Colleague: 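My questions will all concern the structure given below.
Treat the numbers as computed from the prediction; the structure is a model and nothing was measured. Numbered from 1 within each chain, the chains take letters A, B, ... in sequence-line order.
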There are 2 protein chains.
Amino acid sequence: MDTITTSVHSHHTSKCNCEDCFINLIASQHLAPMICDKLYNSKKEAKFKQGDTLVEEGKNIDRFLYIKEGLIKVSQMTDKNENRIISIARPHDNITLLSFFSSEKYLYTITALEDSVACSFPYQLMLDVIKSEKEFAFGILNMISFASSKVINNFVKLSSRNLRGRIAFIILDFADNIYKTDSFDLPLSRKEIAELIGMTVENVIRILSEFKKDGIINIDGKSIDIVDRQKLQLISNFG
Amino acid sequence: MDTITTSVHSHHTSKCNCEDCFINLIASQHLAPMICDKLYNSKKEAKFKQGDTLVEEGKNIDRFLYIKEGLIKVSQMTDKNENRIISIARPHDNITLLSFFSSEKYLYTITALEDSVACSFPYQLMLDVIKSEKEFAFGILNMISFASSKVINNFVKLSSRNLRGRIAFIILDFADNIYKTDSFDLPLSRKEIAELIGMTVENVIRILSEFKKDGIINIDGKSIDIVDRQKLQLISNFG
DNA sequence: TTGATTTATTGATATATATCATATATGTTT
DNA sequence: AAACATATATGATATATATCAATAAATCAA
């Protein structure tokens, strides 16, 4: 288990060069050179192996994390001690955003689904910059708003579907929004799918098998193929 | 149907005097007198009758709303055209917060559950102040973060419970967090309870009747009494 | 007041989902 | 390789939940 502070992987400080990184964008355009340098110099870049924990729910917030490469899950313990996946995050997502301003502790556990690279900035410095730079604060407002409505939206959509509908929905979600192709490797175990859509592992497996038997998808281990997209869409829409 | 812009009820501009209003707090403490006046002068206070719509999902955002008195529901249409209640808002809640920065349209429909009073500020002015005043922006960040994590938390908690558990959970929630007493009038119809916790009306009614028969609650129409709080808590915790 | 419409209620039944049991496969440690 | 753990898979069954149908009660409009 690897966390960003104890990472043994190579991490080096370097000027930011991610074009789609909001932090970089605002910093380079609006920050005074001194502050900008300070921010860039405080940046840590860390590699994570699949399964590594980047951030643990309940721990004190010490850094502001940005996903540079890879795929990440954000999850929370229910009050009944089950794990619930809140969202799947991808490059350019600021994954600690939803925790950062509502408490001093991380609200969610963040785990690498693939080998991933994350940039991070120290909590206090980030806070200082946000407090002193209008553009930063406003941009963060937009991002946090967007991120939270996405999560809420997802819950609303999932909760209006039965299990077949949910499975169809998330398969299409992965295909359309993450991989942009109908053939991909599922980044989640069956158990994680269950935690993402709120059902039991057995039923996830069962429904995936049914979809396969019915010629809607092809699935072999983690590799998945959408065979009959129209039918899958129907199940997602009406199931 | 009444909306804030077309309201025929008395609304008058006056200095803000709500002690727990964040807008008022920051404005009076940190804003330059001119800006503060401008903000206060732009304030509208409007009364709403139970059932009135304050804000409609999909409409252009024109004002920033604050609940002064009453009880409010915030809801969203699912993509299957069912209504889902996202949260119940009370005095001092800034109910348009979750919409305000993520799009130009309201994301949620906002409806009065009781006769209520709402203050509001014009969209553009509010945006200008937030963009120009650091304290404002940061305070808003905290609020939005808090609000969204509350909504998400609620979804997580509900989704880990079966229907009896959900009903027990929301009864306790109303008693503990809204009315601070074990006897109160349910502000929601059976249908709205169903929309709040994601189940059918029939089952809401059935379970409420069961709870009554089992001596856990007393319910007569909308009036509700918690009789056996311990048992209700058990159902909420383990159901 | 009446009639009409929505809301609340209950029961019977079908369906969806979870649970339990067991088996196979896969991967990991020794 | 053996032993162990974990993930995947399938079937049987119990349970939870939705659906359908039919009333009753409450609310609203004329």
Side-chain angles (χ1 to χ4, degrees), chain A residues 1 49-51 73 78 80 82-85 111 113 158-171 185-214 217-224 235-236 238-239, chain B residues 1 49-52 73 78 80 82-85 111 113-115 158-169 171 185-214 217-224 235-236 238-239:
Chain A
M1 197 85 86
K49 289 271 171 211
Q50 183 180 39
K73 67 171 174 178
T78 71
K80 300 171 80 176
E82 293 155 348
N83 208 45
R84 174 79 197 216
I85 297 177
T111 314
L113 292 171
L158 284 177
S159 76
S160 73
R161 286 168 162 75
N162 66 21
L163 299 197
R164 285 170 62 89
R166 291 183 199 180
I167 296 269
F169 177 76
I170 61 119
I171 290 176
D185 278 351
L186 215 49
L188 303 169
S189 70
R190 309 296 194 252
K191 176 138 181 292
E192 285 171 319
I193 297 177
E195 289 171 352
L196 177 63
I197 64 184
M199 57 190 288
T200 57
V201 198
E202 293 97 322
N203 278 328
V204 170
I205 292 167
R206 217 183 304 272
I207 290 171
L208 285 174
S209 300
E210 279 175 31
F211 282 2
K212 184 180 182 176
K213 206 180 56 196
D214 296 347
I217 62 170
N218 224 328
I219 186 161
D220 179 27
K222 304 242 164 191
S223 123
I224 199 168
I235 295 172
S236 169
F238 299 105
Chain B
M1 196 85 88
K49 289 271 170 211
Q50 182 181 40
D52 284 350
K73 67 172 175 178
T78 72
K80 299 172 82 178
E82 293 154 351
N83 208 45
R84 174 78 198 216
I85 297 177
T111 314
L113 292 171
E114 303 171 350
D115 292 358
L158 284 177
S159 76
S160 73
R161 286 168 162 75
N162 65 20
L163 299 197
R164 286 170 61 88
R166 290 183 199 181
I167 295 269
F169 177 77
I171 291 176
D185 278 350
L186 216 48
L188 303 170
S189 70
R190 309 295 194 252
K191 176 137 181 292
E192 285 171 320
I193 297 177
E195 289 172 352
L196 177 63
I197 64 185
M199 58 191 288
T200 58
V201 199
E202 294 96 322
N203 278 328
V204 170
I205 292 166
R206 220 184 303 273
I207 290 170
L208 285 173
S209 301
E210 279 175 31
F211 282 2
K212 183 179 182 177
K213 207 180 55 195
D214 296 348
I217 62 169
N218 224 330
I219 187 163
D220 178 28
K222 304 243 165 191
S223 123
I224 199 168
I235 296 172
S236 169
F238 299 106

Colleague: One pair to check against side-chain hydrogen bond (donor to acceptor under 3.5 Å, both in side chains): A:Ser160 and B:Arg84. What are the steps and the verdict?
Modeller: CA-CA 9 Å; A:Ser160 73; B:Arg84 174 78 198 216; over 6 Å; no
Colleague: Measure the distance from CG on B:Leu188 to P on C:dT7 and round it to the nearest whole Å.
Modeller: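 That distance rounds to 13 Å.
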Colleague: Who passes salt bridge (Lys or Arg N to Asp or Glu O under 4.0 Å) against A:Asp214, sequence neighbours left out?
Modeller: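 Salt bridge (Lys or Arg N to Asp or Glu O under 4.0 Å) list for A:Asp214, sorted by chain: empty.
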Colleague: Nucleotide by nucleotide, 5' to 3', does protein get under 4.0 Å of the base (B), only the sugar-phosphate (S), or neither (-) in nucleotides 25-30 of chain D, counting heavy atoms?
Modeller: ------
Colleague: Between B:Ile219 (CD1) and C:dT10 (C1'), how many Å, whole number?
Modeller: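 That distance rounds to 15 Å.
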Colleague: By side chain to side chain donor-acceptor pair (under 3.5 Å), which residues pair with B:Ser209, not counting sequence neighbours?
Modeller: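 Residues passing side chain to side chain donor-acceptor pair (under 3.5 Å) with B:Ser209: none at all.
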Colleague: Kindly write out the residues that satisfy side chain to side chain contact (heavy atoms under 4.5 Å, CB included) with B:Gln50, not counting sequence neighbours, or none if the list is empty.
Modeller: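 Checked B:Gln50 against side chain to side chain contact (heavy atoms under 4.5 Å, CB included); matches are B:Asp115.
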Colleague: Looking at five pairs on each end of the helix from C:dT1-D:dA30 to C:dT30-D:dA1, what is the angle between the two axes, given to 10 degrees?
Modeller: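 Roughly 50° between the end axes, to the nearest 10°.
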Colleague: Can you name the salt bridge (Lys or Arg N to Asp or Glu O under 4.0 Å) partners of A:Arg161, sequence neighbours left out?
Modeller: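 In terms of salt bridge (Lys or Arg N to Asp or Glu O under 4.0 Å), with neighbours along the sequence ignored, A:Arg161 is linked to B:Asp79.
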Colleague: Quick one: list whatever passes side chain to side chain donor-acceptor pair (under 3.5 Å) with A:Thr200, sequence neighbours left out.
Modeller: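 Testing A:Thr200 for side chain to side chain donor-acceptor pair (under 3.5 Å), a comparison that skips the adjacent residues, returns A:Asn203.
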Colleague: Could you write nucleotides 11-30 of chain C as a row of B, S and -, 5' to 3', where a protein heavy atom under 4.0 Å of any base atom gives B, of only sugar-phosphate atoms gives S, and otherwise -?
Modeller: BB----SBBB----------
Colleague: Kindly write out the residues that satisfy side chain to side chain donor-acceptor pair (under 3.5 Å) with B:Glu210, not counting sequence neighbours, or none if the list is empty.
Modeller: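 Counting only residues at least two positions away or on another chain, B:Glu210 forms a side chain to side chain donor-acceptor pair (under 3.5 Å) with B:Arg164.
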Colleague: Which salt bridge (charged side-chain N to carboxylate O under 4.0 Å, His left out) pairs, counting each pair once, include a residue from residues 189-204 of chain A, with sequence neighbours left out?
Modeller: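 Every pair satisfying salt bridge (charged side-chain N to carboxylate O under 4.0 Å, His left out) with a residue in residues 189-204 of chain A: A:Lys73-A:Glu192, A:Lys191-A:Glu195.
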Colleague: List in chain and number order the residues that pass side chain to side chain contact (heavy atoms under 4.5 Å, CB included) with A:Asn218, two or more places apart in sequence or in another chain; answer none if no residue qualifies.
Modeller: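 A:Asn218 satisfies side chain to side chain contact (heavy atoms under 4.5 Å, CB included) with A:Lys212, A:Asp225, A:Val227 only.
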Colleague: Roughly how many Å is it from NZ in B:Lys212 to C1' in C:dT9, rounded to a whole number?
Modeller: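 The distance from NZ of B:Lys212 to C1' of C:dT9 comes to 11 Å, rounded to the nearest Å.
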Colleague: Could you tell me how far apart B:Lys213 (NZ) and C:dT9 (P) are, to the nearest whole angstrom?
Modeller: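 Rounded to whole Å, this separation is 14 Å.
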Colleague: Report the residues that fulfil side chain to side chain donor-acceptor pair (under 3.5 Å) with A:Ser236, sequence neighbours left out, ordered by chain and then residue number.
Modeller: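 A:Ser236 satisfies side chain to side chain donor-acceptor pair (under 3.5 Å) with no residue once adjacent residues are dropped.
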